[in-house]
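Some notes on the structure that comes next.
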Amino acid sequence: MIPASFEYERPGSLDEALGLLAEHGDEAKVLAGGHSLLPLMKLRFATPAVVIDIGRLDSLSYVRDEGDHVAVGALTSHRDVARAELLRRHVPLLAHAAGQVGDPQVRQRGTLGGSLAHGDPASDLPAVALALGATFVADGPQGRRELAGDTFFEGFLETALTPEELLVEVRVPKVDGVGWSFQKLTKRAQDWAIVGAAVLHGNGRTGVGLINMGPTPLRALDVESALRAGASASDAAALADVGTEPTADLNADEAFRRHLVRVLVRRGIEEAAAGTSG
Amino acid sequence: MASLHGQRVVRQEDRALLTRGGTYVADVADPLLDGAAHVTFVRSTMAHARITGIDVEGVRTAPGVVGVFTAADLGLGFAPMAVPVLPPAMARPWLAGEVVRFVGEPIVVILTERRDQGEDAAEQAIIDYEPLPVVAHPEDARNDEVLLFPDHGSNTAAVFGDEGDASEFADCEVVVRERLVNQRVAVAPLEVRSTAAAVGADGRLNVWMSTQAPQSARHAITRAFGWELDSVRLIAPDVGGGFGAKIGPYPEEMLVAWLVRHLGRPLRWLETRSENMVAMGHGRGQIQHITIGGGRDGVVLAYRLDILQDSGAYPSMGAFLPYMTRVMAAGVYAIPNVACHATSVVTNTMTTVAYRGAGRPEATAAIERAMDLFAAEIGMSPAEVRRRNLIDVASFPHTTPTGAVYDIGDYRRALDLVLDAAGYDELLAEQASRRASGAVRQIGIGLALYVEITAGPTAGKESARVEIRPDGRAMVFTGTSPHGQGHETSWAMIASDVLGIGLDDIEVIHGDTDLVPRGMGTMGSRSLQLGGSAVLEASEQVLDLARRVAAELLGVGVDDVVLDHDAGVFRQAHDAVGGASVSWQQVAVAAAGEGGSLAAGADFQASTPTYPFGAHVAVVELDSETGLVTLDRFIAVDDAGRVLNPLIAEGQRHGGIAQGAAQALCEEMVYDDDANPLTTTFADYTFISACELPSFELVAMETPTPVNPLGAKGVGESGTIGSTPAVQNAVVDALSPWGVRHLDMPATPQRVWRAIAAGHDLSSRQGT
């Protein structure tokens, strides 16, 4: 329960952080809120030689109106995402879901960028980002580049970020007036979701993201197609587990996860349609 | 000064705990511990294996390492059995040298300059194992195909009770049988185990330990190593929870003391949370077969409980607990024929120990599930079946078929109170309406009555000493060392009521064997009734001494001296306020001047244990699509006799109810079929949090016991005892429309969903 030895770097600027990443590459792990990395290090599942603590890069914590989308700095805490008036007005699904992550301590320290860059399929916000069609901005030796959400999550805890790159911003389309719902089943409030679903549907927009239904955060593409074609909530939701590869663990076997995702997606579509959560 | 008895006095200890924080073993900054090395254990990663090699060369050269010890280096043999009647062939070695019998068993001790260096060094230890067949489940242990201790000849560690008579149920119209699993749970105190030790200037060994029973720990350590009792001073500082698992001491803790004595260097040991999950004793772990029989009129005629107790690898207190289950098997019911038989077996898992309730929750869970199963079978309401079988209020003291002698109770009143407070009829109506509408969210109503045994199993004893210092302040020395129970407040209230000295001028001393050499500790809901009664008697004796001194000072006869409780002074009886008086300070100074001291000790010896009782109602909401069960309401009547401090008693009930509900809903220490522990972090071991609990609705009821002068019974465990079956019964009740008659704990979403899915299959088959 004590991490193996590591070098600790605390850059004071983004350039310094990128320089350290360029220097150490895959020897290094980036520390933001620490709620995923530190437990892994304490259990010695992760033993990075260098930890680059970006916690002082205040310039990466912001929520900005960019016209058709809202730009959220990667280091914005879940708490700040949940409370941001811009997001509550224009992307209420993200603000709401951020308020459901873990417990108050996790939300105080954990960051949007950290959660996305970690790529844990059991985390809430990657699925929300997929449902919203968010774009991820990475900075690195070759400069800034934009990554589409759909191609960002490549494997279990693997993303399209190179070891030298830092996720710096998340761009979330405004979805004013679009029905939405965030559903997750947890044994206890602070647990990771056994299964969850983020649903956006209405006004010509449709996106359904799934939590903990495979090695990566997923979109339920068949559900989205069915909804666009006018299927009923229950007919569309019956397709929610198509293409998923849910694992078995202490909380749920594969069959239960497939069942749950159909239930939660159906509830999500119904709630989005009712507009009650807007 | 009005009596404090029954007053909601705020806990005096909390100001310090909430501001500067407690001083737990890891916080102890005694100069004797300067330069202490840190202890780390290398633990087995195999559940059952022969050790074919231990290579610690890499450990010796790791940074900071100052000592490495294997079983061969110690040459100590086996730790003493915690329960003497258990088979000596099943004793636990101090360190495993030849065979490991559970994942987490210590094999090597490493001493390092810094604590973090210990974890690095431990990774350098190379243990070669030759795997042995694993016994993961008690039902597999019982067939003795694989023996953990071949020298013993079987896996059975203990047997209790009689096999009974098959004809018990011959006259019953209805007989119901079921297999119930009372699952293994982790104790998970917030403060993990910790011990520090150092040799003092006087040559004695000072040991700081996170324990519920410092005096017993001192006895255990000195006996284990053949040391003089006085050669060890044992100190329990603030202790962050024990729940029975810190009655101890554990081999690791005793080894720390031995190593310090052996090496002369101070040592500190603080285990990690992951170590605590696999190597501190676990609770519960019974497989129960119940048989209940009676008439369609609801009268139960016979009840039988067969217990298979999982003792874990090295049998300890857990192997003994079925004895307690057996004593309480009959519950609150006047069943003429009750039989209980128990077998405790060893498995390749961590040892089971006492855990909040310790054998009694298992008894209550069994009989209260049995009552519901019987009620369902004859189509009668669970409340009505219980009512028809309750022990009558006029029949106390009541002797049960398994030998318990219940002191006093009024079970019918407890039942009436809880049903009334719950609005039972309205709940039934709400349930009927939801069932009729086929709502996705159904409700379940669970009822459990309990009676338990506190300060048992035999008549208990505890000591106290009260001393008035020359400044007039009172010191109360107690043999019951607390770990969160609020003894400082409660004992001061008792002394204050007798002595007329304010709470601010009373200091409660505990946990240091130099200051309190005798005592039994805090466990089994014994402290107030035994330790508190001892404080009461010692206080009364000090008052007698003081009145004699005051009589001399006032120049009157002893019989003419009274204590003015309001002013805290002694006067002549019938003398007006403002007349001659002497203070506690004057009396104490005078007593000291005569070469005496104003102090008295008392050993309170109870004539019998006491039997608290109560009735709980749980209301759960079931999401029938996801299997999620939510505890919506919890209503509890808990009668622990006369209540000294309702605030503290309610706190105990809150904690107990939460812990018991957690066993029913979400907690389980899981081992796989190879006896690998799977729930070793707080991400996987899901104990309950405030978010999952409603505000409890507590109903007061007090039936004073004649057994002690305070009229008090224990309250520390009763919440746990009643709430587990109440919640479990509510879950099964919610599932009954799907044909479910029983569901084992914990009621996780997957388990509940599977029961519903199986019920759907059942109804579709019946429909065709």
Practice problem: Let me know if B:T630 has heavy atoms under 4.5 Å from chain A in its side chain, its backbone, both or neither. | Solution: neither
Exercise. Using a cut-off of 6.0 Å, state whether more than 12 heavy atoms not belonging to A:E245 lie near its atom CD.
Key: no
Quiz item: Based on non-hydrogen pairs under 4.5 Å, which of A:A252, A:P39, A:S5 is most in contact with chain B?
Solution: A:A252
Exercise. State whether the side chain of B:E625 and the backbone N or O of A:V263 hold a donor-acceptor pair below 3.5 Å, judged by distance alone.
Key: no
Quiz prompt | Salt-bridge contact B:E692-A:K187 (side-chain N to carboxylate O under 4.0 Å) | solution = no
Exercise. Inspect the surroundings of CZ in A:R258 and state if more than 12 heavy atoms from other residues, nucleotides or ligands are less than 6.0 Å away.
Key: yes
Quiz prompt | Spacing of A:H259 atom NE2 and B:I756 atom CD1 [to the nearest 0.5 Å] | solution = 8.0 Å
Quiz item: Does atom CG of B:L18 have more than 12 heavy-atom neighbours, drawn from other residues, nucleotides or ligands, at distances under 6.0 Å?
Solution: yes
Quiz item: Between B:T272, B:T748, B:L665, B:D120, which shows the greatest number of heavy-atom pairs under 4.5 Å with chain A?
Solution: B:D120
Self-check item: Backbone N/O of B:F687 and side chain of A:R188: donor-acceptor pair under 3.5 Å
Solution: yes
Quiz item: Are the side chain of B:Q750 and the backbone N or O of A:D253 linked by a donor-acceptor pair below 3.5 Å?
Solution: yes
Quiz prompt | Which of B:R754, B:R273, B:E668 touches chain A most, by non-hydrogen pairs under 4.5 Å | solution = B:R754
Quiz item: Hey, what do you get for SG (B:C691) to CG (A:D103), rounding to the nearest 0.5 Å?
Solution: 8.0 Å
Self-check item: Minimum side-chain heavy-atom gap A:L250-B:V670 below 4.5 Å
Solution: yes
Self-check item: Between OG1 on residue B:T626 and NZ on residue A:K184, distance to nearest 0.5 Å
Solution: 14.5 Å
Quiz item: Can A:M1 and B:E275 be said to form a side chain to side chain contact (heavy atoms under 4.5 Å, CB included), step by step?
Solution: CA-CA 9 Å; A:M1 298 294 278; B:E275 279 183 291; over 6 Å; no
Quiz prompt | A:D191 versus chain B, the contacting section by heavy-atom distance below 4.5 Å | solution = side chain
Quiz item: Is the number of heavy atoms from other residues, nucleotides or ligands within 6.0 Å of CD (B:E113) greater than 12?
Solution: yes
Quiz item: With a 4.5 angstrom heavy-atom cut-off, which part of A:R44 approaches chain B: side chain, backbone, both or neither?
Solution: side chain
Exercise. Return yes when atom CD of B:E123 has more than 12 non-hydrogen atoms of other residues, nucleotides or ligands closer than 6.0 Å, and no otherwise.
Key: yes
Quiz item: For the candidates A:T186, A:I194, A:L185, A:L260, which exhibits the highest count of non-hydrogen atom pairs separated by less than 4.5 Å from chain B?
Solution: A:L185
Quiz item: Should we say atom OH of A:Y8 is surrounded by more than 12 heavy atoms from elsewhere, each under 6.0 Å from it?
Solution: yes
Quiz prompt | Whether over 12 other heavy atoms sit under 6.0 Å from A:E27 CD | solution = no
Exercise. Examine whether an atom of B:R751 lies under 4.5 Å from a heavy atom of chain A, and if so say whether it belongs to the side chain, the backbone or both; otherwise answer neither.
Key: neither
Self-check item: Atom group of A:R267 that falls short of 4.5 Å from chain B, counting heavy atoms
Solution: side chain
Practice problem: Measure the spacing between CG of B:L678 and CG of A:D249 and express it to the nearest 0.5 Å. | Solution: 10.5 Å
Quiz prompt | Closest contact, heavy atoms only, B:A683 versus A:W192 | solution = CB-CZ3, 3.8 Å
